[in-house]
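One structure is given here, and the rest of the page talks about it.
First listed ligand is number 1; within each ligand, the first listed atom is number 1. Computed from a predicted structure; not experimentally measured.
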Amino acid sequence: MNDKLIIFDTTLRDGEQSPGATMNKDEKVMIARALEKMRVDIIEAGFPIASPGDFEAVKAVAQTITESVVCGLARTSDADIDSAGEALKPAAQARIHTFIATSPIHMQHKLRMTSDEVVSTAVKAVKRASKYTDNIEFSPEDAGRSEIDFLCKVIESVIDAGAKTINVPDTVGYSMPHQFGETIKQLIERIPNSDKAVFSVHCHNDLGLAVSNSLAAVLNGARQVECTINGLGERAGNAALEEIVMAVRTRKDVFECDTGIDTTEIVNCSRLVSNITGFSVQPNKAIVGANAFAHESGIHQDGVIKSRETYEIMKAEDVGWNTNRLVLGKHSGRNAFKTRLKELGFEFHSEEELNESFKNFKDLADKKHEIFDEDLQALVTDSLHDTSYERIKFISLKVNTETGEVPAAEITLSVDGNEINKQSTGDGPVDAVFKAIESALDSGCELLLYSVNSITGGTDSQGEVTVRMSKNGRMVNGRGADTDIIAASAKAYINGLNRVMGVDVREHPQL
Ligand code: KIV
Ligand code: ZN
C-alpha cells in the first residue's frame with residue numbers, strides 16, 4: 001500500500017467561499033507561500049473563471065510557487081477549462097480540477113441532465129483539460145449522496161479519459177464515517193481501472209464530521225485529503241488540515257501512511273490565514289486554538305510537570321507553538337526585523353515596503369515593550385499587501401470618554417486622496433467612532449459582527465478587532481490591530497469598507 005498521504009489544500013478556493021473570507025491577489029500569494037513552506041503537496045489557488053480578480057490571483061500564485069503543484073478549479077464547460085488552463089500556464093507544476101454533480105437531486109434540479117449526459121460531459125471536460133496538463137483531477141460533486149453504481153460508471157469513464165486523481169466530495173457534509181469509508185473501499189474495489197488513479201476525499205463539516213469522514217476514507221485506501229487551514233470553508237467549513245495531518249502523524253499505529261508536511265509551520269500558517277480572513281480561531285480549537293496545549297486543572301498541571309505524556313499526546317513545539325519567544329524590541333535594527341519576518345515566511349517586495357513596515361514596527365515598539373511573533377504577523381499582514389485599491393485611509397483619531405458623559409469621537413480620514421474630518425457621539429466610544437466614519441462616507445453597509453481579541457497576553461497587548469459587514473448581499477470581514485482597541489476598531493471598520501468597495505462580482509462554482 002502507498003504510504004504517502006497527499007495533502008491538497010483548498011484554503012484559497014473552498015476556504016475563500018466562506019462568506020466574508022474573500023482575499024485579494026497579494027493575500028493569496030502570501031498564504032500560498034506559507035503553504036509551500038509547510039510542504040503542502042497541492043495548492044488549489046482559486047476558480048479562474050469566477051472573475052478577472054480570481055484569474056489574476058491564480059496566475060500570480062502559479063508564477064510564485066515552485067515546490068507545490070498549483071491547481072485551478074473548473075466546471076465542465078470549455079470556457080471554465082480554458083480559463084483554468086490559461087491561468088495556470090506559468091506554473092512549474094499545474095493541475096486542473098474539474099467537477100460535475102452526480103447525485104440524483106443535483107442532476108435533476110440543478111443540472112437538469114440525464115445520467116448519460118453527465119458521464120459524457122465529464123469525459124469531454126477531462127479530455128479538454130488534457131490539452132493543458134496531464135495532471136487532471138475529477139470530482140463527482142455531491143458524491144456523498146450519489147448512487148454507488150453510477151459513481152463507479154462515471155469514475156471509470158473519466159479515468160479512461162485521463163483523470164489521474166479522483167476526488168470524492170461529501171459536498172453537503174451528510175455522510176457518516178463508517179458509510180463514507182465503505183464507499184471509498186467499494187469504489188477502489190469495484191472500479192476496474194481504479195489502480196490508475198489516486199483516490200482523494202473532500203469533506204464538509206455540516207455535521208461536525210469532516211475530519212472523521214476524511215480519516216475513515218484514508219483507512220479505506222484514500223491517499224489524498226482535501227482540507228483547509230483552520231477548517232475554513234463554505235458553511236460549516238472543510239476538514240481542517242492541521243487536524244488531519246496531526247491525527248495521521250500522532251496515530252502512526254492506526255494509519256498506514258503519513259504526509260510530507262512540516263508540522264512546525266502549522267501555527268504560523270493558521271495565524272496568517274486568520275489575520276488575513278478575519279476569521280479568528282476559537283480558543284478550544286484542536287491543534288491551533290490558544291488553549292489546545294494549556295492545562296488549567298491542578299491535577300493536569302501536576303501530571304504534565306512530572307511527565308508530559310500523562311496528559312499530552314503531541315508536543316506543542318511540533319506544531320509551532322512556543323516559538324512566540326521575545327523576538328524584537330525597541331532597539332532592534334532593520335536587519336533583525338527583516339530576518340525574523342523572513343523566518344516567518346514574509347518577503348518584502350521593495351525597500352519602501354520594508355521601510356514602511358519597519359517604521360510601523362518602531363511605532364509599536366514605542367508603545368509595547370515586548371514584541372512577539374504574533375505582533376509582527378499582525379503588523380505586516382496589514383502593511384504587506386497592495387494598498388492601491390484602498391480608497392479610504394486612516395489618519396488619526398481622538399476619543400473622549402468620561403463617566404456620566406456621552407462618548408464622542410473625532411476621526412480624520414483620507415478618502416480618494418482628500419482629507420476629511422468628522423465628529424460624532426455614540427452609545428460607547430466604538431459606536432461614536434463608527435458613526436463618525438459613517439457621517440463621512442454614508443456607506444450603506446450593515447454591521448453584522450464586531451469582536452475584539454488580544455493578540456498576546458498582558459494589558460499592553462495589541463487588540464485585534466474583526467468586523468463583518470454586508471452591502472447588497474455581499475459580505476466582507478475587516479480587521480485592524482493596535483495597542484489602542486478603539487483605534488483598532490476604526491482600522492477594522494475602514495478595512496471592511498475598503499474590501500466592500502474592492503470586491504468584484506464573481507461567480508460561485510457550485511451554482
Ligand atoms: O464540496 C464540493 O463538492 C466542492 C467541489 C468543487 C469539489 O468543493
Ligand atoms: Zn467543497
### Task
Identify whether the distance between the nearest side-chain nitrogen and carboxylate oxygen of D41 and K4 falls below 4.0 Å.
yes
### Task
May I ask you to list the atoms of ligand 1 that are less than 4.0 angstrom from any heavy atom of H204?
1 (O)
### Query
Which residue and non-hydrogen atom of the protein lie closest to atom 3 (O) of ligand 1, and at what distance in Å?
T171 OG1, 2.6 Å
### Query
Looking at atom 6 (C) of ligand 1, what's its closest protein heavy atom, distance included?
R13 NH2, 3.6 Å
### Task
Test the R468-F279 pair against the cation-pi criterion, namely NZ or CZ under 6.0 angstrom from the six-membered ring centroid and within 45° of the ring axis.
yes
### Query
With sequence neighbours left out, which residue pairs that include part of residues 173-185 fulfil the side chain to side chain donor-acceptor pair (under 3.5 Å) condition?
D170-S175, E182-Q186
### Location of contacts on H97 toward ligand 1, heavy atoms closer than 4.0 Å
side chain
### Message
Quick one, R39 and E265 - any side-chain contact, counting heavy atoms below 4.5 Å?
### Response
no
#### Entry: Note, C203 side chain near L209 side chain (heavy atom, < 4.5 Å)
no
### Message
I'd like to verify the contacts: list protein N, O or S atoms under a distance of 2.8 Å from the Zn ion (ligand 2).
### Response
D14 OD2, H202 NE2, H204 NE2
#### Entry: Proximity flag E226 to ligand 1, non-hydrogen atoms under 4.0 Å
no
#### Entry: Pair listing, ring-ring contact (aromatic ring centres under 6.0 Å, His included) test, anchored in residues 185-229, at least two apart
H202-H204
### Message
Any nitrogen or oxygen of D14 lying under 3.5 Å from a nitrogen or oxygen in ligand 1? Just yes or no.
### Response
yes
### Query
Taking heavy atoms and a distance under 4.0 Å, where does Q17 meet ligand 1: side chain, backbone, both or neither?
neither
### Query
Any idea which atoms of ligand 1 are less than 4.0 Å away from a heavy-atom of E141?
3 (O)
### Message
Less than 4.5 Å apart, side chain to side chain, heavy atoms only: is that true for E44 and E137?
### Response
no
### Task
Output, in order, the C-alpha distance, side-chain angles, deciding distance and verdict of side chain to side chain contact (heavy atoms under 4.5 Å, CB included) for D258 and D3.
CA-CA 6 Å; D258 197 3; D3 61 2; over 6 Å; no
### Message
Suppose we measure from atom 2 (C) of ligand 1 to each protein heavy atom; which comes out shortest, and what is that distance?
### Response
Q510 NE2, 3.1 Å
### Heavy-atom side-chain contact between R506 and F47 under 4.5 Å
no
### Task
Mind checking side chain to side chain donor-acceptor pair (under 3.5 Å) for E242 and listing every partner two or more places apart, or none if nothing turns up?
K285
